[in-house]
Protein chains: 2
Amino acid sequence: MTDTLSQPSADLVQRFAAIVGDRYALRDQANIAPYLAERRGLWHGRTSLVLRPGSVEEVSRVMRLATETRTPVVPQSGNTGLVGAQVPDASGHQIVLSLSRLNRIREIDVRSNTATVEAGVILQVLQEAADAADRLFPLSLAAQGSCQIGGNLSSNAGGTGVLAYGNARELCLGVEVVLPTGEIFDDLRKLKKDNTGYDLKNLFVGAEGTLGVITAAVMKLFPKPKGREVAFVGLPSPEAALALFSLAEDHAGPALTAFELIARTPYDFTLRHGAGVTRPLADDWPWYVLMQVSSGRSAEDARALIEDILSEGLEKGLADDAVIAASLSQADAFWNFRETLPETQKAEGASIKHDISVPIATIPTFIERAAKAVASVSAGARIVCFGHMGDGNLHYNISRPLDGDDEAFLDLYKPMNKAVHDVVRSLNGSISAEHGIGQLKRDELIATAPPMAIDLMRRVKAAFDPAGIMNPGKVI
Amino acid sequence: MTDTLSQPSADLVQRFAAIVGDRYALRDQANIAPYLAERRGLWHGRTSLVLRPGSVEEVSRVMRLATETRTPVVPQSGNTGLVGAQVPDASGHQIVLSLSRLNRIREIDVRSNTATVEAGVILQVLQEAADAADRLFPLSLAAQGSCQIGGNLSSNAGGTGVLAYGNARELCLGVEVVLPTGEIFDDLRKLKKDNTGYDLKNLFVGAEGTLGVITAAVMKLFPKPKGREVAFVGLPSPEAALALFSLAEDHAGPALTAFELIARTPYDFTLRHGAGVTRPLADDWPWYVLMQVSSGRSAEDARALIEDILSEGLEKGLADDAVIAASLSQADAFWNFRETLPETQKAEGASIKHDISVPIATIPTFIERAAKAVASVSAGARIVCFGHMGDGNLHYNISRPLDGDDEAFLDLYKPMNKAVHDVVRSLNGSISAEHGIGQLKRDELIATAPPMAIDLMRRVKAAFDPAGIMNPGKVI
């Protein structure tokens, strides 16, 4: 299957294998396959070697040998990324460095509110460990049962907890990184304030493994809320949703822990195809919001807060209907509705997806302009608009027309992307709010970002990875 | 006064002056003096030229000429920095680039909760503009009446608002930077989420003008709290303060908007020397805390929250006494006490200051170990310990012994620094939590930081400023 000319020599494979131990150097394609399989099936990478080091020292030795032999290395943790950053290219040249065996939670410090964790710790495992220590680790994603902290940091993951707690970058206080040369940069500090030179940590976070290999990190923990209330709201328009968001933020400030916008179309798709989904509101509305508030004091306090917001919202005509979850199970059902939503789109045929952000004030303008742009590319295409409105971040996906053909629709991938992203750019927004660049958006980033930004990124890349062996072909 | 050999030629001065206009190219030493005067009198820089450009384009042209002629440039905004980053060296070679005329608030967007401001905007002016728009800009420092946003960002300023709202870095969404070559990097975006490549913004923030000149930024605004309550608390020990902090954080979460620790010595200094200061508590205690909570809902809500925290704290023996400010003027008096505190140390003779941070859980250990370290350098030296305990950040200052001699005490500057900083390093802390490195701590940073960190910073510096003209001699 693989091109014998371009793959690492048997001797080199043996030298890499000797570092991690034979059993953790996967060379059989059956064993390698899961590391190449990528959720969306968009990329078909190849490799003849997957290394699974068991310690930071082994990672260091792997990288040293990679530098010495100019072997390109693709770091990978949970392999759930959506832009192809974690898979090798088709050349067969690149080897995969899996961090999944570095899966220790090194320490939970409840008084400093920090967790020191290795790159291979599964997100949900960290959430549960924090919970057991009466703390909250707020990063929360659809893939949390399998994604790992190293990938969360390398992709600067977002999700539903960003509104109140920040994205992966903001949750990270310090990192341990193995550089392309194998040198270890130990910056595992628990400090909220540290002004001793350049912010190197934030270069590695979000770099998608192109500057070094994150092997561990200090993450922030938070007090666990004592009360949490979730409401499902029906609204007339994006303008109303924006005004309701402002009102909720004014009342609740950082106690507003979720504000998710859902348009009628994905709402209906979810009712139609979502397994075990229940209808949140009796009547239908053009737009919906899932809102959550949390309180450090009590359930009653959270209840009073969400009631204040909703009664004022209803009174001002910003909401048409609202149901506050009456029980924990109803709250879970509301969240289940939201989390099931993305996957229900599949049942409606081919789709073209976008992960965009714009200044929050321009969300109604974006929704209006983007609808026209979509129609100009494909009349009848169905707009599946939902997302983290409080962060200005929408997953603006497009399903093929009801009677349309999947393949014909997918042929519109590029013009559809361009149409939607042109609207994003006209509003000074981002074409990748939370998923990253990887392989998927690399060409577009290079073609459309300010040339100065690309130039600066390339200078950083050259300064950190002069041999060009760190995840080549990704980001820039 | 200046060394005619090393200063820029008359012709070059003329070319620079032509860019900004004659009247904004200061060449007379009397006019230049305020730009060289530095608050603590620690540095005695020289220059023959201060340029005061009036637009980003002029900054760009200045930098282009500086690159062409290899002229070192020292960017300066409010000139309130505490580590000498904003003043030229004594060579006379360097020219000063003042950003103070770039003082426009370009936009306040209340729906996106952002302010787009130029580097020369005075912090207090931005606070007031936000307030007028019914928003809060939470960055708050002693120097806020004269410090400017460009310097706040370049030094990643901290202050009393960090606990709930973050430091300057966390408050910044986007920057506009003029690079050493004069090229403009426009990244003035209002996005909470943007994963399109490396985090360049955070390289410029905190770089103390060594990578480029920040000319404008998008800063976050917040809803203005409707209630705020301030309490002054007497406590038995740092351990009690730490436990009270945990308790307050558990109850209030991000509604806990200040938690300042004050030891008995600086408390007494302030009572003795502070102009217009009133005694916060009737009795004396070994330690004090100034605590503030804020509520987006109401004054009553904030009151109930702080009462909850304090009654539980008193009950558990974490606090001995507590007074909640009964009026806005009493709340202001409590804050005035805290803000007056640093300057009252002067009246007690020479002092040696530190701006350190450690993991929050280790603050009691730090206080215990550092006291021994200080005593070993100067028996009888008085420890003036206060600071932002909720951030793990203490201003750990040392006043000379009561009957000691100022000069003899200042001769201990280096061993005292080393003694205190060795304790900081033993706890994996930071020797500059919020003031930066500048000239003051450069040698110590280079000597004591992990060599890998220094190496990476130098690579970044070389990549962004290959000619070495951006604020040379600072940071690294």
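Since the structure is predicted, the reported quantities are computational estimates derived from the model, not experimental observations. Lettering of chains follows the sequences in order, A, B, ..., and the numbering in each one begins at 1.
- No other option in A/K193, A/H435, A/R111 has as many heavy-atom pairs under 4.5 Å with chain B as A/K193.
- Side-chain atoms of A/D465 come within 3.5 Å of backbone atoms of A/M470 as a donor-acceptor pair (strictly under, hydrogens ignored).
- The greatest number of non-hydrogen atom pairs below 4.5 Å with chain A, out of B/L211, B/D186, B/I431, B/D455, is found for B/L211.
- For a residue to count as touching a neighbouring chain, one of its non-hydrogen atoms must lie under 4.5 Å from one of that chain's; by this rule B/A433 touches chain A with backbone and side chain alike.
- The shortest heavy-atom contact between B/P138 and B/L171 is CG-CD2, 3.8 Å.
- Using a distance-only test at 3.5 Å, with no hydrogens or angles considered, a donor-acceptor pair links the side chain of B/R189 to the main chain of A/G429.
- Of all the listed residues (A/T114, A/L179, A/N167), the one sharing the greatest number of non-hydrogen pairs under 4.5 Å with chain B is A/L179.
- Taking B/D391, B/V83, B/D187, B/I184 one by one and counting their heavy-atom pairs under 4.5 Å with chain A, the maximum is reached by B/D391.
- Contact annotation: the side chain of A/N393 approaches that of A/D355 to within less than 4.5 Å [non-hydrogen atoms, C-beta and beyond].
- Contact annotation for B/D109: only side-chain heavy atoms (C-beta onward) come within less than 4.5 Å of a heavy atom of chain A.
- At a 4.5 Å heavy-atom cutoff, the contact between A/S155 and chain B is made by backbone atoms alone.
- Across A/L163 and A/T257, no two heavy atoms sit closer than the pair CD2-C, 4.3 Å.
- Side chain of B/R458 to main chain of B/I476: no donor-acceptor pair is present (N/O by atom type, distance under 3.5 Å, no hydrogens or angles).
- Between the side chain of B/N428 and the backbone N or O of A/K190, no donor-acceptor pair lies under 3.5 Å.
- The greatest number of non-hydrogen atom pairs below 4.5 Å with chain B, out of A/K441, A/R297, A/H388, is found for A/R297.
- For the set A/L200, A/I363, A/V475, the entry with the most heavy-atom pairs within less than 4.5 Å of chain B is A/L200.
- If you measure heavy-atom distances from A/D250 to chain B, the contacts under 4.5 Å come from both the backbone and the side chain.
- Considering only heavy-atom pairs separated by less than 4.5 Å from chain B, the leading option among A/A164, A/G197, A/G206 is A/G197.
- At a 4.5 Å heavy-atom cutoff, A/K201 makes no contact with chain B through either its backbone or its side chain.
- In this structure, no portion of A/V218 lies under 4.5 Å from any heavy atom of chain B.
- A/T448 and A/R425 form a side-chain donor-acceptor contact under 3.5 Å, judged by distance and modelled atom types alone.
- Both the backbone and the side chain of B/N202 come within contact range of chain A, judged by heavy atoms closer than 4.5 Å.
- Of the atoms belonging to A/I356, not a single heavy atom falls under 4.5 Å from chain B.
- Neither the backbone nor the side chain of B/R442 comes within contact range of chain A; no heavy atoms are under 4.5 Å apart.
- The most heavy-atom pairs under 4.5 Å with chain B, out of A/D308, A/V358, A/L305, A/I360, come from A/L305.
- Taking CE from B/M457 and OG1 from B/T210, the interatomic distance works out to 10.0 Å, rounded to the nearest 0.5 Å.
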- Please test A/K224 against A/D134 for salt bridge (charged side-chain N to carboxylate O under 4.0 Å, His left out), starting from the C-alpha separation and ending with a verdict. CA-CA 6 Å; A/K224 203 153 68 174; A/D134 199 31; 3.6 Å; yes
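- Heavy-atom distances place both the backbone and the side chain of B/I437 under 4.5 Å from chain A.
- Although no hydrogens or angles enter the test, the distance criterion places a donor-acceptor pair under 3.5 Å between the side chain of A/S112 and the main chain of B/A361.
- Proximity to chain B (any heavy atom under 4.5 Å) is restricted, for A/F204, to the side chain, taken from C-beta onward.
- Using a distance-only test at 3.5 Å, with no hydrogens or angles considered, a donor-acceptor pair links the side chain of A/S298 to the main chain of A/D301.
- Both the backbone and the side chain of A/A453 have a heavy atom closer than 4.5 Å to some heavy atom of chain B.
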